[in-house]
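So you know, we letter chains A, B, ... as the sequences are listed, proteins then strands, and number each from 1. The structure presented is a predicted model; accordingly, all values stated were derived computationally and were not measured.
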There are 2 protein chains.
Amino acid sequence: MSLTTNPIKILLVDDHQLFNDGLKSLLSTEQNLEIVGQVYESRNVLYEIQRLNPQLIFLDINLPEQNGIELSKIILKDFQNVKIIFLTMYADEQMLKEAKKLEVHGYILKNSSKKELLLGIETVMNGKQYFDAKIHKSAQDESNKDDLSKKFALTEREKEIIAYVKAGLDSYQIADKMSLSYLTIKTHRRNIHFKLGTTSTPELIRFANENSL
Amino acid sequence: MSLTTNPIKILLVDDHQLFNDGLKSLLSTEQNLEIVGQVYESRNVLYEIQRLNPQLIFLDINLPEQNGIELSKIILKDFQNVKIIFLTMYADEQMLKEAKKLEVHGYILKNSSKKELLLGIETVMNGKQYFDAKIHKSAQDESNKDDLSKKFALTEREKEIIAYVKAGLDSYQIADKMSLSYLTIKTHRRNIHFKLGTTSTPELIRFANENSL
DNA sequence: AATAAATTACCTCCTAAGAGGTATTTTGTT
DNA sequence: AACAAAATACCTCTTAGGAGGTAATTTATT
């Protein structure tokens, strides 16, 4: 059957040339796959999709300029018949959540085997979603992080605000960005301090950096 | 000549199986190289070196348990005839400095080409050190940082205070630590803001972090 | 010895942030 | 439908930080 069907046209997107080329080399022995192109810089992705018309894209998340998350939003919107599988080293919940929210077709970790990769391709090309089993495992590892998160029990909103605070914005600017009242931001900040046991913005920033919140 | 000499025996150490296998695949066409082994977990590295007796190790820095830096210390001590080339995504000065301090034989970025990799192998096997050209660029970025420091012309005292601010201390605490008047700290902070073009503590911290001040 | 640079220190004024309390609405879960 | 959790919003009060100006003392550097 695989002899009669056309090979699946795949585009590889990863800024690490050695990984990108190595992956191509690794997949080149597969008869039913064809690497139609390789992209090393995010700015070339959309153009190459249009030019090469791939059916499936392996997309790295951590790209220098425009990251994979941002890119996938555009691709999903503009090229609706193209499947996207994130191929990333990030095994953390945040990324996984993001990916699932985006309704991307797959999420595979770089510490996977070729076999798993092929399984992922097959699954996704059959119209299903594929999320790396190790991520579910690491979803348990997240219980570590969840321990932290649960301990401090930061809500989504609070995490968002912490990000803005780390970026150097004051409460007025944050309120503006989030289209909320300045007073609401103040309340959130107070709650954050309470949860984390911090008493000032510099302390909070330090804490957030040290615990990579 | 390469027909008469034995191929260089190489061990690949990287927890990302896809990268590791891809790299093997990529190098498998080279007649004068032989991938004698692949290690995915840092705890197996020393045993595999002993067992396989490689001449050259490609070592990832960012390994889960024991990282590449730690590992290389042991390897350099216990297997003095083995060459080590870091193969990493980190292009920052800190890592480079670390590597140079360790007197490791090479440092190549993952966003390199096969050609560069082969050049690195050749250079190192000829007894020289090889540091990725792209890192020298980032080494120039260091001079940017020096430029930055000069541009912003921060004095010793100012840098000290920035460190305390980053640590989350307020001006009173800093004054106490430095045995100075609170008012003096305020003056220094004002001067720092003036020099860096910042207007608030969070901004300052962000700036300092981004420019590793 | 003279000059520049760095460090120390104080004053006033204004505003953002922290501390404390309260309350409504929205969202999610059983 | 009922309840808990999260998000939104306001009030008052106090204090630390930022903006402006000024100046004495110490340390380099010529």
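At most 12 non-hydrogen atoms from other residues, nucleotides or ligands lie less than 6.0 angstrom from NZ of A:K24.
Protein atom NE2 of B:H193 is 17 Å distant from nucleotide atom P of D:dG21, rounded to whole Å. Here the P atom of nucleotide D:dG17 and the CD atom of B:E203 are 16 Å apart, to the nearest Å. Taking atom CD on A:E156 and atom P on D:dA5, their separation rounds to 17 Å, with Å as the unit. Per the geometry, CZ belonging to A:R157 stands 11 Å off P belonging to C:dT27, to the nearest Å. Separating the CD1 atom of A:I161 from the P atom of D:dA6 is a distance of 14 Å, rounded to the nearest angstrom. Atom CD1 in A:I185 sits about 12 Å away from atom P in D:dC10, given to the nearest Å. Spacing between atom OH of B:Y182 and atom C1' of D:dG18 amounts to 10 Å, rounded to whole angstrom units. In this structure, the CD atom of A:E158 is 14 Å from the P atom of D:dA5, given to the nearest Å.
Note on A:T184: a base of the nucleic acid sits closer than 4.0 angstrom, heavy atoms only. Residue contacts for B:L183: at a heavy-atom cut-off of 4.0 Å it reaches a base atom on one of the strands shown. Across all strands, A:H188 comes closer than 4.0 Å to base atoms (heavy-atom distances). Using a 4.0 Å heavy-atom distance criterion, A:Y172 is classed as a sugar-phosphate-only contact.
At least one side-chain nitrogen or oxygen of B:R189 sits closer than 4.0 Å to the OP1 or OP2 atom of D:dG17. Dashed line: the shortest gap from a side-chain N or O of B:S200 to OP1 or OP2 of D:dG18 is not under 4.0 Å. Of the side-chain N and O atoms in B:T199, none sit less than 4.0 angstrom from OP1 or OP2 of D:dG18. Phosphate proximity of D:dA5 to A:T155: absent, as no side-chain N or O sits under 4.0 Å from OP1 or OP2.
For the pair A:E160 and A:R157, the salt-bridge criterion is met [side-chain N within less than 4.0 Å of a carboxylate O].
Taking for each of B:K186 and B:P202 the nucleotide of DNA chain C with the nearest heavy atom, the 5'-most of the two is the partner of B:K186.
Ring planes of A:F19 and B:F19: parallel class, angle under 30° (limits at 30 and 60°). Taking the six-membered ring for Trp and thresholds of 30 and 60 degrees, A:Y172 and A:Y182 have nearly parallel ring planes, at less than 30 degrees apart.
With D:dG17, D:dA9, C:dA9 as the candidates, the nucleotide lying closest to the side chain of B:L180 is C:dA9.
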Original post:
What's the verdict on salt bridge (Lys or Arg N to Asp or Glu O under 4.0 Å) for B:E203 and B:R206, showing C-alpha distance, side-chain angles and the deciding distance?
Top reply: CA-CA 5 Å; B:E203 253 187 90; B:R206 184 198 179 190; over 6 Å; no
Original post:
Hey, mind stepping through B:T201 and B:R189 against side chain to side chain contact (heavy atoms under 4.5 Å, CB included) and telling me if it holds?
Top reply: CA-CA 9 Å; B:T201 300; B:R189 291 181 80 146; 2.8 Å; yes
Pairs under 3.5 Å (N/O, protein and nucleotides 21-25 of chain C):
{"unit_1": "C:dG21", "atom_1": "N7", "unit_2": "A:R190", "atom_2": "NH1", "d": "3.3"}
{"unit_1": "C:dG21", "atom_1": "O6", "unit_2": "A:R190", "atom_2": "NH2", "d": "2.7"}

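Checked by atom type, the side-chain pair B:N191/B:E158 shows no donor-acceptor distance below 3.5 Å.
For the pair A:K177 and A:Y164, the NZ or CZ position fails the cation-pi test of under 6.0 Å to the six-membered ring centre and within 45 degrees of the ring normal.
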